[in-house]
Amino acid sequence: MPVQRDSQPSNGSAYVEFERVRKSFDGRTLVVRDLDLQIRKGEFLTLLGPSGSGKTTCLMMLAGFETPTSGAIRIDGSPMHQVPPRRRGIGMVFQNYALFPHMTVGENLAFPLEVRGLDAERRRDRVRRALALVRLDGLEQRRPRQLSGGQQQRVAIARALVFEPDLVLMDEPLGALDRRLREELQYEIRRIHQDLGVTVLYVTHDQHEAMVLSDRVAVFRAGRIEQIASPEALYEEPTRSFVARFIGANNRLTGRVTAVNDEGICDVDVGGQVVRALRIAPCAPGDATTLSIRPERVAVAPAAGLYTNEFEARIEDITFLGDHLRLRVTVCGRSDFIVKIPNIVGHGAVLEGDRIRIGWTPTDCRVLNPDEEEEPA
């Protein structure tokens, strides 16, 4: 089945372009496979995927630290294959900060300006503005060891922006921080992007981070893009089983299509019960398929006849998560089906062992490609 490549701008509106890019480090195994990707000017695009899926390799090829095995990379229409990294004018932010420990904060920020030949007065002005942007005013004389991890990463971001690049690459920049700092800096990075309008290519394996920051997200798997779309579209309208599984919590039911009507609604036999679902992947009666349904789209104790899909379920386990309860139930032959219900009546409304009715609409349940647990060859 062809890999999904939706929501791509036309070549005329692309600022960064990957055209059929391949990368192999050993001449046999492709780390990046026939990548076609276009990034609009001013866009915040995130490459999201598990470790080893090719995200960072794409970033390093764009920066010029790795060379494509084949294919072309262009920035603003200009081919990059013979342009060294220092001449690409790209700001870089890494997970490990990469600050010079023997330099002050001000000297770290001034260094890329000095390399570019700016005079002392302009360097001082740019450094002040960059520190104000990341809300570290007055810390020019501190050394990196005198800063917290969050402050060091702000300095690294300021250094990437101080020479006013049109393109900034960020490789897991928040990976070394604790959860509270990660969330705080996510919103700071989003604010800075909105203020400056710079083009950002961001790499992460953290889906929450990608959803918070991005205009679009490209979901990577085994060197290919499975789907590229806005965060909302990826969550609400996944087109591939891998995307549905990787983005957010998701129930998967496997079955066989028994009928398809003119509106694209399929009847699927799942464990001897019929589930009605919206066809996304091409299918016909007799085909094996995977159904995807989000836990929060499942209603508990619906009025009789309210939903096309209504089933009896047994509660196997309840987890209290503050604002909601996570129910693990047995239904349609699966004992790992998850239902989320809001905590509006207090814990105790349902108990382990209870038999309940659950239901959902066909349009909230999607017929996707048969689930592929193994990485493609």
Side-chain angles (χ1 to χ4, degrees), residues 1-8 207 211 217 219 221 225-315 326-342 355-373:
M1 183 175 292
V3 174
Q4 179 75 17
R5 290 185 176 90
D6 58 339
S7 300
Q8 290 277 32
Q207 58 175 281
M211 302 290 267
V217 179
V219 180
R221 178 173 181 254
I225 294 177
E226 289 279 303
Q227 186 177 354
I228 179 169
S230 69
E232 181 179 0
L234 282 179
Y235 187 87
E236 300 290 354
E237 302 171 4
T239 59
R240 303 275 294 170
S241 291
F242 177 81
V243 176
R245 187 167 74 245
F246 196 77
I247 302 291
N250 175 67
N251 290 304
R252 292 175 289 149
L253 300 173
T254 56
R256 195 164 296 276
V257 178
T258 59
V260 183
N261 69 19
D262 293 338
E263 286 74 43
I265 301 298
C266 301
D267 289 350
V268 181
D269 185 311
V270 179
Q273 295 180 294
V274 176
V275 179
R276 305 202 81 195
L278 179 66
R279 180 177 61 184
I280 301 301
C283 64
D287 289 348
T289 191
T290 297
L291 305 183
S292 167
I293 175 74
R294 299 290 184 190
E296 68 271 16
R297 297 302 171 86
V298 180
V300 175
L306 182 62
Y307 292 101
T308 304
N309 298 304
E310 288 187 8
F311 306 98
E312 184 179 278
R314 183 183 187 277
I315 300 177
R326 178 185 183 272
L327 312 182
R328 181 173 62 85
V329 306
T330 296
V331 69
C332 296
R334 297 292 296 261
S335 61
D336 57 354
F337 193 92
I338 303 301
V339 181
K340 291 181 180 179
I341 60 175
R355 292 194 174 274
I356 58 175
R357 295 284 294 174
I358 62 174
W360 61 85
T361 68
T363 53
D364 281 333
C365 189
R366 303 170 72 79
V367 176
L368 303 177
N369 55 300
D371 209 350
E372 301 161 341
E373 295 291 348

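Numbering of residues begins at 1 and proceeds along the displayed sequence.
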Nearest heavy atoms of Arg357 and Glu312, plus distance in Å
NH1-N, 3.5 Å
The criterion is side-chain hydrogen bond (donor to acceptor under 3.5 Å, both in side chains); which residues satisfy it with Thr363, sequence neighbours excluded?
Thr361
Measure across Thr258 and Pro285 and return the closest heavy-atom pair with its distance rounded to 0.1 Å.
O-CB, 3.8 Å
Per-pair distances, 0.1 Å, donor-acceptor, side chain in residues 291-302, under 3.5 Å, sequence neighbours excluded:
from   : atom 1 : to     : atom 2 : distance (Å)
Ser292 : OG     : Asn250 : OD1    : 2.5
Arg294 : NE     : Tyr235 : O      : 3.3
Arg294 : NH1    : Ala244 : O      : 3.4
Arg294 : NH1    : Ile247 : O      : 2.5
Arg294 : NH1    : Ala249 : O      : 2.9
Arg294 : NH2    : Tyr235 : O      : 3.0
Arg294 : NH2    : Ile247 : O      : 3.0
Glu296 : OE1    : Tyr235 : OH     : 3.3
Glu296 : OE2    : Tyr235 : OH     : 2.3
Arg297 : NH1    : Glu236 : OE1    : 3.4
Arg297 : NH1    : Asp364 : OD1    : 3.1
Arg297 : NH2    : Glu236 : OE1    : 2.7
Arg297 : NH2    : Glu236 : OE2    : 2.9

May I ask you to decide if Ala304's main-chain N or O and Glu310's side chain share a donor-acceptor pair within less than 3.5 Å?
no
Contacts of Leu278 that satisfy side chain to side chain contact (heavy atoms under 4.5 Å, CB included) - sequence neighbours left out
Ile265, Ile280, Arg366
Between CD1 of Ile358 and CG of Leu327, what distance do you get to the nearest 0.5 Å?
9.5 Å
Heavy-atom closest pair (Ala284 atom, Val257 atom, distance to 0.1 Å) is O-CB, 3.6 Å
Could you tell me the separation between the CG atom of Asp287 and the CG atom of Asn369, rounded to the nearest 0.5 Å?
12.0 Å
Quick one: sort the Trp360 and Phe311 rings into parallel, tilted or perpendicular, breaks at 30° and 60°.
tilted
Determine yes or no for a side-chain-to-main-chain donor-acceptor pair under 3.5 angstrom, with Asn251 supplying the side chain and Phe337 the backbone.
no
With no hydrogens and no angle check, is any side-chain donor or acceptor of Gln273 less than 3.5 Å from a backbone partner on Val331?
no
Sorted by first residue and then second, give each ring-ring contact (aromatic ring centres under 6.0 Å, His included) pair with at least one member in residues 244-283; sequence neighbours left out.
Phe242-Phe246
With a 3.5 Å distance limit and no angle check, can you tell me whether Gln207 reaches the backbone of Gly248 through a side-chain donor-acceptor pair?
yes
Any donor-acceptor pair under 3.5 Å from Glu226 side chain to Val219 backbone:
no
Under the rule for side-chain hydrogen bond (donor to acceptor under 3.5 Å, both in side chains), what residues qualify as partners of Asp267, not counting sequence neighbours?
Arg276
In this structure, CZ of Arg245 is separated from CZ of Arg252 (nearest 0.5 Å) by 5.0 Å
How far apart are the closest heavy atoms of Thr289 and Leu368, and which atoms are they?
OG1-O, 2.7 Å
Spatial distance of atom CZ (Arg355) from atom CD1 (Ile315) [nearest 0.5 Å]
10.5 Å
If you look at every heavy atom in Val243 and Pro238, which pair is closest and at what distance?
CG1-CB, 4.0 Å
If the condition is side-chain hydrogen bond (donor to acceptor under 3.5 Å, both in side chains), which residues does Asp336 pass it with, not counting sequence neighbours?
Arg334
